S.K.: 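Take a look at the following structure, please.
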Amino acid sequence: MKFVTWSEYTDLLKRLSEAVRAQTFDDIVAIGRGGSIIAAYLGSKLGIPTFVPIFVRHIREEGEVKLTTHGKCDVTSLTGRILVVDDSLIRGRAMQFTLDMLPKNVSVKTLVMYCCEGSQFRPDFVGAYVGKNEQEIVFPYDPP
């Protein structure tokens with residue numbers, strides 16, 4: 001288990017914003033909830049006034065994990081260059097699920113604050129890597 005302090009969180013946000021600053025994006029898609037905080041910060045730094053939240057739920061059915069969206073999550077009208085963000089990526093299922101929902105003609109980059117070492121999905125921008133024994137990440141905004 002990894003416990004993230006506010007200081008570590010803000011340091012990673014600053015580094016990630018510097019890493020993507022050279023790129024130009026038309027929209028940000030935030031995998032919520034944790035991705036929404038990152039999207040709001042990056043949107044402010046990159047001059048993108050809004051972001052599109054998408055809430056992906058992991059549901060266990062018959063011993064299998066299935067993914068679905070919760071609430072209104074319309075990403076079908078997005079065009080141009082898209083940055084998809086999330087706070088953590090363990091296996092990459094939510095990220096891949098979200099990417100599969102995007103229109104095929106968009107250009108996409110992915111960003112995560114924490115990525116588990118050995119994940120099959122490789123984001124374009126990573127704040128920090130965590131070991132396999134730290135797959136559960138407790139962010140400062142998580143309830144105690």
Side-chain angles (χ1 to χ4, degrees), residues 1-61 64-103 106-144:
M1 182 177 294
K2 174 163 184 59
F3 290 92
V4 180
T5 65
W6 277 116
S7 176
E8 180 181 358
Y9 188 86
T10 57
D11 286 347
L12 284 179
L13 274 178
K14 289 175 188 172
R15 283 195 310 187
L16 286 167
S17 72
E18 291 167 6
V20 299
R21 194 178 308 265
Q23 308 267 329
T24 303
F25 297 101
D26 299 302
D27 279 298
I28 299 174
V29 173
I31 300 176
R33 295 186 165 76
S36 297
I37 298 168
I38 298 165
Y41 179 85
L42 291 175
S44 175
K45 296 298 181 190
L46 300 174
I48 302 169
T50 62
F51 64 89
V52 179
I54 183 165
F55 297 95
V56 178
R57 295 180 62 189
H58 295 72
I59 300 172
R60 287 202 181 276
E61 288 183 0
E64 195 175 315
V65 176
K66 297 186 182 203
L67 295 154
T68 184
T69 58
H70 180 72
K72 295 180 181 179
C73 302
D74 185 17
V75 295
T76 59
S77 62
L78 295 176
T79 60
R81 297 167 305 261
I82 310 298
L83 179 64
V84 179
V85 302
D86 202 357
D87 57 358
S88 65
L89 186 143
I90 304 304
R91 291 182 186 85
R93 291 185 292 208
M95 182 67 76
Q96 190 59 59
F97 180 79
T98 301
L99 294 176
D100 291 343
M101 293 177 66
L102 295 172
V106 298
S107 172
V108 180
K109 295 285 186 181
T110 56
L111 177 147
V112 298
M113 184 165 279
Y114 291 95
C115 183
C116 185
E117 292 174 350
S119 170
Q120 291 182 340
F121 190 96
R122 296 315 237 172
D124 297 297
F125 302 97
V126 176
Y129 286 92
V130 294
K132 291 183 180 186
N133 61 334
E134 296 179 305
Q135 290 184 9
E136 188 176 340
I137 301 171
V138 180
F139 291 93
Y141 49 78
D142 287 331

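All values derive from a computational prediction rather than experimental measurement.
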S.K.: To the nearest 0.5 Å, how far apart are SG in C116 and NZ in K132?
M.R.: 7.0 Å
S.K.: Nearest 0.5 Å, what's the CE-CG distance between M95 and L111?
M.R.: 7.5 Å
S.K.: Report the C-alpha distance between F139 and I37 in whole Å, list the side-chain angles of each, state the deciding distance to 0.1 Å, and finish with yes or no for side-chain contact (heavy atoms from CB on, under 4.5 Å).
M.R.: CA-CA 11 Å; F139 291 93; I37 298 168; over 6 Å; no
S.K.: Could you measure the distance from the OG1 atom of T24 to the CG atom of L83? Nearest 0.5 Å is fine.
M.R.: 11.5 Å
S.K.: The test is side-chain contact (heavy atoms from CB on, under 4.5 Å); show your working for D87 and Y141 and say whether it passes.
M.R.: CA-CA 12 Å; D87 57 358; Y141 49 78; 2.8 Å; yes
S.K.: Checking the side chain of T98 only, and the main-chain atoms of A94 only, is there a donor and an acceptor separated by less than 3.5 Å?
M.R.: yes
S.K.: Would you say the side-chain atoms of T10 pair up with the backbone N or O of W6, donor to acceptor, closer than 3.5 Å?
M.R.: yes
S.K.: Is there a side-chain contact between V4 and P140, using heavy atoms and a 4.5 Å cut-off?
M.R.: yes
S.K.: With K109, which residues qualify under salt bridge (charged side-chain N to carboxylate O under 4.0 Å, His left out), at least two apart?
M.R.: none
S.K.: What are the two closest non-hydrogen atoms of A39 and F51, and how far apart are they?
M.R.: CB-CG, 3.6 Å
S.K.: Does the side-chain contact (heavy atoms from CB on, under 4.5 Å) test come out yes or no for L102 and V84, once each step is laid out?
M.R.: CA-CA 10 Å; L102 295 172; V84 179; 3.9 Å; yes
S.K.: Under a 4.5 Å cut-off applied to non-hydrogen side-chain atoms, are Q96 and Q120 in contact?
M.R.: no
S.K.: Without swapping roles, check the side chain of D86 against the backbone of V112 for a donor-acceptor pair under 3.5 Å.
M.R.: no
S.K.: Looking at D100 and F97, would you say the former's side chain and the latter's main chain have a donor-acceptor pair under 3.5 Å?
M.R.: no
S.K.: Output every pair passing salt bridge (charged side-chain N to carboxylate O under 4.0 Å, His left out) with a member in residues 12-21, not counting sequence neighbours, ordered by first then second residue.
M.R.: none
S.K.: Determine whether a donor-acceptor pair (N or O, by modelled atom type, separation under 3.5 Å) exists between the side chain of D124 and the backbone of T110.
M.R.: yes
S.K.: Look up atom CD in E136 and atom CD1 in I90, then write down how far apart they are to the nearest 0.5 Å.
M.R.: 9.5 Å
S.K.: Are Q23 and F125 side-chain neighbours, meaning at least one heavy-atom pair lies under 4.5 Å?
M.R.: yes
S.K.: Atom OH in Y9, atom CD1 in I38: separation rounded to 0.5 Å?
M.R.: 4.5 Å
S.K.: If you take all heavy atoms of I137 and V130, which pair is closest and at what distance?
M.R.: CD1-CG2, 4.3 Å
S.K.: First locate atom CE of M1, then atom CD of E134, and finally report the distance between them rounded to the nearest 0.5 Å.
M.R.: 10.5 Å
S.K.: Side-chain contact, heavy-atom cut-off 4.5 Å: L16 with Y41?
M.R.: no
S.K.: Looking at every heavy atom in both F3 and E8, which two are closest together, and how far apart are they?
M.R.: O-OE1, 4.1 Å
S.K.: List the atom of L89, the atom of S119, and the distance in Å for their closest heavy-atom pair.
M.R.: CD2-OG, 3.1 Å
S.K.: Can you confirm whether V75 sits close enough to I82 that some side-chain heavy atom of one is under 4.5 Å from a side-chain heavy atom of the other?
M.R.: no
